[in-house]
Amino acid sequence: MIRRLKTIEDAESILDYFNGFHDGFIKQLTLNSPDEFKDWGHQLCTGNLSLEIIFAHYNYAAGERPHTQLVAAEFRQVKELSIDFSGQAHEWSILNVSVTESTRTREDGSSEACFKAVFLQNRLESNDWKSNEDLAFTFAESVFREI
């Protein structure tokens, strides 16, 4: 099944369907850039990244999707990328993924509407679990595909 995220309602429906990827984990994360060298000393930098994340995920309810499910999500026109995977191995499962409406600055200084994705994971600090934004970025649209 393929689900396209173009509106905030799409985001809510997708995250509800996958239970916010709770207790899943990132199996693969790939950052792609179309930038290139045009000739000696001349490069074309677009600032237009795409991010593909493959989630290992399952939902708890009996009869739901299998525990071996993989979901590929491609995020287009990614900017403002922040990654902080500093936790221990037992802290790597996802607590929740959220997507909100946001704005960001364009190359010409104007602002544009976009989405912001935030991945929360737990950190064990002084025997107390605290949520941490381990991955955050803005994007224009996304496609989720069950593998």
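When a residue number appears, it is its place in the shown sequence, counting from 1.
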- Between Pro34 and Asn48, what is the shortest heavy-atom contact and its length? CD-O, 2.9 Å
- Message: Are the side chains of Val97 and Leu15 in contact, using a 4.5 Å heavy-atom criterion?
- Response: yes
- Assess Arg3 against Tyr17: is NZ or CZ under 6.0 Å from the centre of the six-membered ring, and within 45 degrees of the ring's axis? yes
- Leu29 with Leu81, same ILVMFWY side-chain cluster at under 4.5 Å: yes
- Find the distance between CZ (Phe37) and SG (Cys45) and round it off to the nearest 0.5 Å. 7.5 Å
- With side chain to side chain contact (heavy atoms under 4.5 Å, CB included) as the test, would you mind laying out the steps for Asp128 and Glu125 before giving the verdict? CA-CA 5 Å; Asp128 190 26; Glu125 298 176 10; 5.7 Å; no
- Item | Atom of Ala140, atom of Gln77 and distance for their closest heavy-atom approach | CB-OE1, 3.5 Å
- Message: Would you say the ring centers of Phe25 and Phe55 fall short of 6.0 Å from each other?
- Response: no
- Message: I'd like to know whether CD of Glu107 has more than 12 heavy-atom contacts from other residues, nucleotides or ligands below 6.0 angstrom.
- Response: no
- Mind listing the closest non-hydrogen atom pair of Ala72 and Glu52 along with its distance? CB-OE2, 3.9 Å
- Query: With hydrophobic residues grouped by side-chain heavy-atom distances under 4.5 Å, do Phe85 and Leu49 end up in a single group?
  - Reply: yes
- Taking atom OG1 of Thr138 and atom NZ of Lys79, what is their separation to the nearest 0.5 Å? 7.5 Å
- Could you pull out the closest heavy-atom pair between Ile94 and Gly20, with the gap in Å? CG2-O, 4.1 Å
- Go through the steps for Ile26 and Leu135 under the test side chain to side chain contact (heavy atoms under 4.5 Å, CB included), then give the verdict. CA-CA 11 Å; Ile26 294 173; Leu135 178 62; 4.2 Å; yes
- Before giving the answer on side chain to side chain contact (heavy atoms under 4.5 Å, CB included), spell out for Leu95 and Gln121 the whole-Å C-alpha distance, their side-chain angles and the decisive distance to 0.1 Å. CA-CA 5 Å; Leu95 179 62; Gln121 292 177 287; 5.6 Å; no
- Item | Validation row: Phe115, Phe137 side chains within 4.5 angstrom (heavy atoms) | no
- Student check: side-chain heavy atoms of Phe144 and Leu5 closer than 4.5 Å: yes
- Item | Salt-bridge contact Glu112-Arg104 (side-chain N to carboxylate O under 4.0 Å) | yes
- Taking Glu133 as the fixed residue, which of Ile83, Leu120, Asp84 is the one that meets the side chain to side chain contact (heavy atoms under 4.5 Å, CB included) rule? Leu120
- Message: Assess, by modelled atom type and distance only, whether the side chains of Arg76 and Ser50 contain a donor and an acceptor separated by less than 3.5 Å.
- Response: no
- Query: Would Trp92 and Val71 show up in the same hydrophobic cluster when neighbours are defined by side-chain heavy atoms closer than 4.5 Å?
  - Reply: yes
- Are any of the side-chain heavy atoms of Asn96 and His22 separated by less than 4.5 Å? no
- Query: Given side chains that start at C-beta, do those of Ser33 and Leu31 come closer than 4.5 Å, heavy atoms only?
  - Reply: no
- Task: Give the cluster check for Trp129 versus Phe21: same hydrophobic cluster or not, with ILVMFWY residues linked at side-chain heavy-atom distances below 4.5 Å.
- Result: no
- Query: Just wondering, do Asn122 and Asn132 contact through their side chains at under 4.5 Å, heavy atoms?
  - Reply: no
- Query: Excluding sequence neighbours, so at least two apart, what forms salt bridge (Lys or Arg N to Asp or Glu O under 4.0 Å) with Asp134?
  - Reply: Arg123
- Verify the distance criterion only: is there a donor paired with an acceptor across the side chains of Thr30 and Gln28 at less than 3.5 Å? yes
- Message: Side chains of Asp10 and Ser13 only: does a donor on one sit below 3.5 Å from an acceptor on the other?
- Response: no
- Any Phe139 side-chain heavy atom under 4.5 Å of Leu51 side chain: no
- Task: Please determine, by modelled atom types, if Asp108 and Ser110 share a side-chain donor-acceptor pair under 3.5 angstrom.
- Result: yes
- Query: Going by atom types alone, do Gln69 and Glu146 pair a side-chain donor with an acceptor below 3.5 Å?
  - Reply: yes
- Query: Is there a donor-acceptor pair closer than 3.5 Å between any side-chain N or O of Ser142 and the backbone N or O of Glu74?
  - Reply: yes
- Item | Gap separating the CD1 atom of Ile147 from the NZ atom of Lys27, nearest 0.5 angstrom | 11.0 Å
- Query: What pair of heavy atoms forms the shortest contact from Lys116 to Ser102, and how long is it?
  - Reply: CB-CB, 4.0 Å
- Measure across Ala56 and Leu70 and return the closest heavy-atom pair with its distance rounded to 0.1 Å. CA-CD2, 3.8 Å
